[in-house]
Amino acid sequence: MVSNDAINKPFLSICIQLFNRHETVVELLKDIPVRSDIEILVYDFSTDIKIAQKNNIFFQHRTGMQYKKFDNHGLDYGFDLLARNSQSEYCWLLPDDDLIETENFNKIISILTSNSPDFLLLNSDVYTSNYKLMIK
């Protein structure tokens with residue numbers, strides 16, 4: 001028997017770490033399709049009070065996403081907190097200044113759906129410890 005938690009679990013969590021930006025995250029969110037199988041977590045670590053207030057006002061009127069304000073403890077802390085609080089099978093970590101092209105979004109969903117990878121790294125190069133070999 002399949003539990004209700006497994007049935008209601010989102011496929012993908014888009015985890016956005018927000019830090020002293022407003023306009024770019026607004027632009028980013030325009031390109032994320034609203035889907036019932038995607039949860040959107042936006043954690044705001046802004047230290048600029050005016051920007052944090054703009055973000056708070058903007059996200060009060062947004063449905064379908066979870067917005068929370070936190071004290072800044074660094075990039076790693078923020079992404080760790082987002083990943084630990086995501087509820088989905090996959091977790092996509094995004095900074096607040098990345099933009100997503102719709103066709104690429106659909107390609108990523110397709111790869112996750114058809115290949116079920118354990119890990120998918122995008123927009124980065126990964127090298128062996130001696131930097132002589134790039135891992136693809």
Side-chain angles (χ1 to χ4, degrees):
M1 181 174 182
V2 178
S3 73
N4 283 341
D5 289 342
I7 293 169
N8 296 327
K9 183 177 179 179
F11 175 71
L12 175 66
S13 296
I14 298 178
C15 299
I16 302 169
Q17 184 168 187
L18 186 51
F19 183 74
N20 291 335
R21 289 190 179 93
H22 178 75
E23 285 74 17
T24 54
V25 77
V26 169
E27 195 64 32
L28 164 63
L29 291 169
K30 286 181 187 176
D31 295 326
I32 297 176
V34 176
R35 294 174 40 156
S36 62
D37 60 343
I38 295 175
E39 81 172 335
I40 300 172
L41 307 175
V42 181
Y43 287 5
D44 189 349
F45 300 92
S46 296
T47 56
D48 182 300
I49 294 169
K50 288 182 182 179
I51 292 174
Q53 288 172 339
K54 282 175 74 172
N55 291 336
N56 187 40
I57 290 167
F58 174 78
F59 284 102
Q60 282 180 0
H61 304 290
R62 302 289 296 192
T63 57
M65 63 185 66
Q66 182 187 115
Y67 170 81
K68 291 185 180 180
K69 175 72 176 99
F70 293 93
D71 290 335
N72 183 33
H73 294 284
L75 184 71
D76 293 338
Y77 170 84
F79 279 136
D80 178 62
L81 188 62
L82 281 156
R84 283 189 286 124
N85 287 303
S86 70
Q87 301 295 313
S88 65
E89 183 175 347
Y90 290 104
C91 181
W92 185 351
L93 301 176
L94 278 173
D96 56 4
D97 61 348
D98 278 5
L99 298 177
I100 303 169
E101 291 185 23
T102 303
E103 77 177 48
N104 291 334
F105 183 89
N106 293 332
K107 285 179 189 177
I108 291 165
I109 296 296
S110 177
I111 289 168
L112 294 175
T113 304
S114 60
N115 298 331
S116 300
D118 293 327
F119 185 80
L120 183 60
L121 182 66
L122 305 167
N123 297 333
S124 292
D125 294 331
V126 178
Y127 290 87
T128 56
S129 60
N130 63 4
Y131 297 101
K132 295 194 185 254
L133 181 64
M134 183 167 63
I135 301 169
K136 294 197 178 217

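Throughout, numbering of the chain's residues begins at 1 and tracks the sequence.
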Distance from Asp80 atom CG to His73 atom NE2, nearest 0.5 Å?
12.5 Å

Are Phe45 and Ile51 co-members of a hydrophobic cluster defined by side-chain heavy atoms under 4.5 Å apart?
no

Do Phe19 and Leu75 have side-chain heavy atoms sitting under 4.5 Å apart?
no

So does Ile109 get a backbone contact from the side chain of Tyr90, meaning a donor-acceptor N/O pair under 3.5 Å?
no

To the nearest 0.5 Å, what is the distance between CZ (Phe79) and CD1 (Ile16)?
9.5 Å

Between the OG atom in Ser13 and the CG atom in Leu93, the distance rounded to the nearest 0.5 Å is 9.5 Å

Side-chain touch Leu29/Phe59, heavy atoms, less than 4.5 angstrom:
yes

Answer yes or no: is there a side-chain heavy-atom contact under 4.5 Å between Ser46 and Asn20?
yes

Mind checking the CH2-CD1 spacing from Trp92 to Ile32? Nearest 0.5 Å is all I need.
7.0 Å

Distance, nearest 0.5 Å, that separates CD of Gln87 from CZ of Phe11
16.0 Å

Here the gap from Ile111 atom CD1 to Ser116 atom OG, rounded to the nearest 0.5 Å, amounts to 12.0 Å

Are Val25 and Leu82 linked, directly or through intermediate hydrophobic residues, by side-chain heavy-atom contacts shorter than 4.5 Å (ILVMFWY only)?
no

Do Leu18 and Phe58 share a hydrophobic cluster (ILVMFWY, side-chain heavy atoms under 4.5 Å, transitive)?
yes

Are the side chains of Leu28 and Ile100 in touch, meaning some heavy atoms are under 4.5 Å apart?
yes

For a 4.5 angstrom cut-off between non-hydrogen side-chain atoms, does Cys15 reach Leu94?
no

Please step through side chain to side chain contact (heavy atoms under 4.5 Å, CB included) for the pair Met65 and Tyr67, ending with a clear verdict.
CA-CA 6 Å; Met65 63 185 66; Tyr67 170 81; 5.6 Å; no

Check: Phe105 and Ile38 side chains under 4.5 Å, non-hydrogen atoms:
yes

Please determine whether the number of non-hydrogen atoms from other residues, nucleotides or ligands lying under 6.0 Å from atom CG of Asn115 exceeds 12.
yes

Could you name each residue pair satisfying side chain to side chain donor-acceptor pair (under 3.5 Å) that touches residues 50-66, not counting sequence neighbours?
His22-Asn55, Glu23-Lys54, Tyr43-Gln66, Asp44-Asn55

